[in-house]
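For reference, the structure discussed in these notes is given below.
From a predicted model like this one, the values you see are computed outputs, not experimental measurements. All chains are named by letter (A, B, ...) in the order of the sequence lines, taking the proteins before the strands, and each is independently numbered beginning at 1.
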Protein chains: 2
Amino acid sequence: MPTISKENYLKTIYQRAQTSNEPVTTSYVASKLEVSNAATSEMAKKLSDDGLISHEKYKGIELTDNGREIALQIIRRHRLWELFLIKVLGLSWGEVHDEAEMLEHSTSELLINTIDDYLGNPKFDPHGSPIPDRFGNLPVTPAIIALTKCRTGKKYRIAKVNDKSSELMNYFSRLGLELEKEIVIEDRLEFDNSITLSIDNRIHSLSEKICENVYVYSN
Amino acid sequence: MPTISKENYLKTIYQRAQTSNEPVTTSYVASKLEVSNAATSEMAKKLSDDGLISHEKYKGIELTDNGREIALQIIRRHRLWELFLIKVLGLSWGEVHDEAEMLEHSTSELLINTIDDYLGNPKFDPHGSPIPDRFGNLPVTPAIIALTKCRTGKKYRIAKVNDKSSELMNYFSRLGLELEKEIVIEDRLEFDNSITLSIDNRIHSLSEKICENVYVYSN
DNA sequence: ATTAAAAATTAAGCAAACTTAAATTAATAA
DNA sequence: TTATTAATTTAAGTTTGCTTAATTTTTAAT
């Protein structure tokens with residue numbers, strides 16, 4: 001079993017590879033984990049020796065099958081814990097990320113499978129992200145688009161949010177912005193790319209940066 | 001916040017002080033944590049610098065108020081997790097110790113208090129050990145005695161077991177030996193200090209070593 | 001009281017995971 | 001094409017927590 005630190009590197013590499021076409025650079029990983037480039041470079045060599053990534057010097061990083069498997073196990077633990085903390089223990093959208101970030105490294109396969117069963121083998125976490133099953137398989141995900149890509153006047157349903165900070169999650173909660181909630185795009189300002197939308201018949205204006213982190217089903 | 005390693009030293013020191021009159025020695029802590037005496041000696045200096053223990057060289061170790069507070073917090077987490085895993089997630093007596101051993105270091109105060117409330121603020125864990133409340137206060141505990149001190153022919157109720165190994169816990173489960181279960185001391189062999197007792201009208205013989213780890217209410 | 005044995009500490013060294021600073025490689029712009 | 005800049009890696013050093021071996025202190029026995 002890898003160390004907690006190695007698990008975090010693998011998770012970061014996996015998630016970057018999933019959400020970007022560009023190669024995963026050491027500097028990206030370094031900034032995400034808030035460590036120096038030097039630390040990442042060093043760790044890349046170790047993970048490469050462990051057979052968990054492939055890394056040609058001065059080129060991008062790629063996960064091996066083994067590395068991806070471990071990353072998916074950690075992500076599985078994270079997302080199941082988030083759902084469990086909300087559904088069973090009643091924690092809020094804003095509280096679960098940091099808790100799951102710790103628990104994901106201290107959870108045996110027995111325990112996470114028990115939690116999975118307890119929850120009825122859910123396919124998505126509280127932010128709309130897919131949960132890998134015990135074999136590392138991801139569920140089929142519906143097509144989604146960021147709010148920034150939505151058309152004015154149309155109605156959508158919230159499919160996913162990026163849980164970047166508890167502050168943002170709490171803000172969403174205050175807005176009433178939740179998964180599966182219907183929204184209508186009312187207007188969009190060319191000036192700053194902000195979007196005006198209605199949730200529960202109330203009008204809100206969201207900045208471009210926020211809209212990039214909210215996704216709706218693209219029907 | 002101390003490191004996981006420091007938390008484990010503090011917990012071990014606390015538990016030794018609770019269950020023995022002799023001073024807590026470095027060699028005891030070392031053997032319990034399965035590290036060298038040298039490592040323990042070194043750690044003792046660090047914990048002393050942190051103000052968590054007091055330690056005169058070549059003498060025993062004592063927790064300071066701060067050190068005891070942290071130890072009790074870890075023990076609280078451990079025991080609440082054990083109860084939660086059994087009561088809510090259905091894990092077995094033998095499975096919970098190792099899980100709790102990991103989770104206790106990855107659980108925020110918010111989360112453990114939530115779990116505490118979810119369980120109805122229980123006073124004892126699944127092995128009969130007292131659970132410190134959120135302020136570090138231990139509940140009043142009934143008087144108990146080890147099986148080794150019981151009188152032949154008498155009836156008792158199981159109050160507590162030491163959860164030393166999952167193997168032992170699984171053995172207890174097979175015997176039907178559970179908290180609050182009534183037992184009768186049938187006989188005792190001078191030869192090896194083993195004890196014969198009946199549980200659910202079935203007769204079992206337990207070695208002295210096992211009997212030292214089972215406690216009953218001493219009425 | 002002295003000495004042998006046991007316990008505890010110190011010394012020296014290692015691995016993991018980080019740091020800053022220096023050196024190298026790759027990318028880009030004149 | 002070459003020079004500059006940016007990205008990456010290597011080098012040297014730190015902290016934490018461990019190891020074994022050597023030393024010191026305490027305890028116990030003669």
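- Residue contacts shown for A:A44 are absent, as no nucleic acid heavy atom lies under 4.0 Å away.
- Ring pair B:H127/B:W93 is parallel by interplanar angle, where below 30° counts as parallel and above 60° as perpendicular.
- Spacing between atom NZ of B:K45 and atom P of D:dG17 amounts to 14 Å, rounded to whole angstrom units.
- Contact annotation: A:T26 reaches the phosphate of D:dT9 (side-chain N/O to OP1 or OP2, under 4.0 Å).
- The side chain of A:T25 contributes no N or O atom lying less than 4.0 Å from OP1 or OP2 of D:dA7.
- As judged by a 4.0 angstrom heavy-atom cut-off over every strand, A:S41 is placed among the base-contacting residues.
- Residue A:K57 has a polar side-chain atom (N or O) positioned under 4.0 Å from OP1 or OP2 of D:dT10.
- Checking A:Y58 against A:S36, the closest nucleotide of DNA chain C that is more toward the 5' end is the one next to A:S36.
- Among the protein residues, B:K46 comes within range of the nucleic acid bases, having at least one heavy atom under 4.0 Å from a base atom.
- Between B:K11 and B:E101 there is a salt bridge, since at least one side-chain N of the basic residue sits less than 4.0 Å from a carboxylate O of the acidic one.
- Between A:H55 and D:dT8 there is no side-chain N or O to OP1 or OP2 distance below 4.0 Å.
- A side-chain donor from one of A:N8 and A:H105 sits under 3.5 Å from a side-chain acceptor of the other.
- Proximity of B:S5 to the phosphate of D:dC18: a side-chain N or O atom is located under 4.0 Å from OP1 or OP2.
- Among the protein residues, A:Y9 comes within range of the sugar-phosphate backbone only, with heavy atoms under 4.0 Å from sugar or phosphate atoms but none that close to a base.
- In this model, the phosphate group of C:dA7 is not approached by any side-chain N or O of B:S27 to a distance below 4.0 Å at OP1 or OP2.
- Atom CE of A:M43 is separated from atom C1' of D:dT9 by 16 Å (rounded to the nearest Å).
- Annotation: the span from B:I70 atom CD1 to B:I74 atom CD1 amounts to 8.0 Å, rounded to 0.5 Å.
- Defined by atom type and a distance below 3.5 Å, a donor-acceptor pair is present between the side-chain atoms of B:S194 and B:D192.
- In this entry the distance linking CG of A:N37 with C1' of C:dC18 reads 13 Å, nearest Å.
- Here D:dA22 presents its P atom at 18 Å from CD of B:E42, a figure rounded to the nearest Å.
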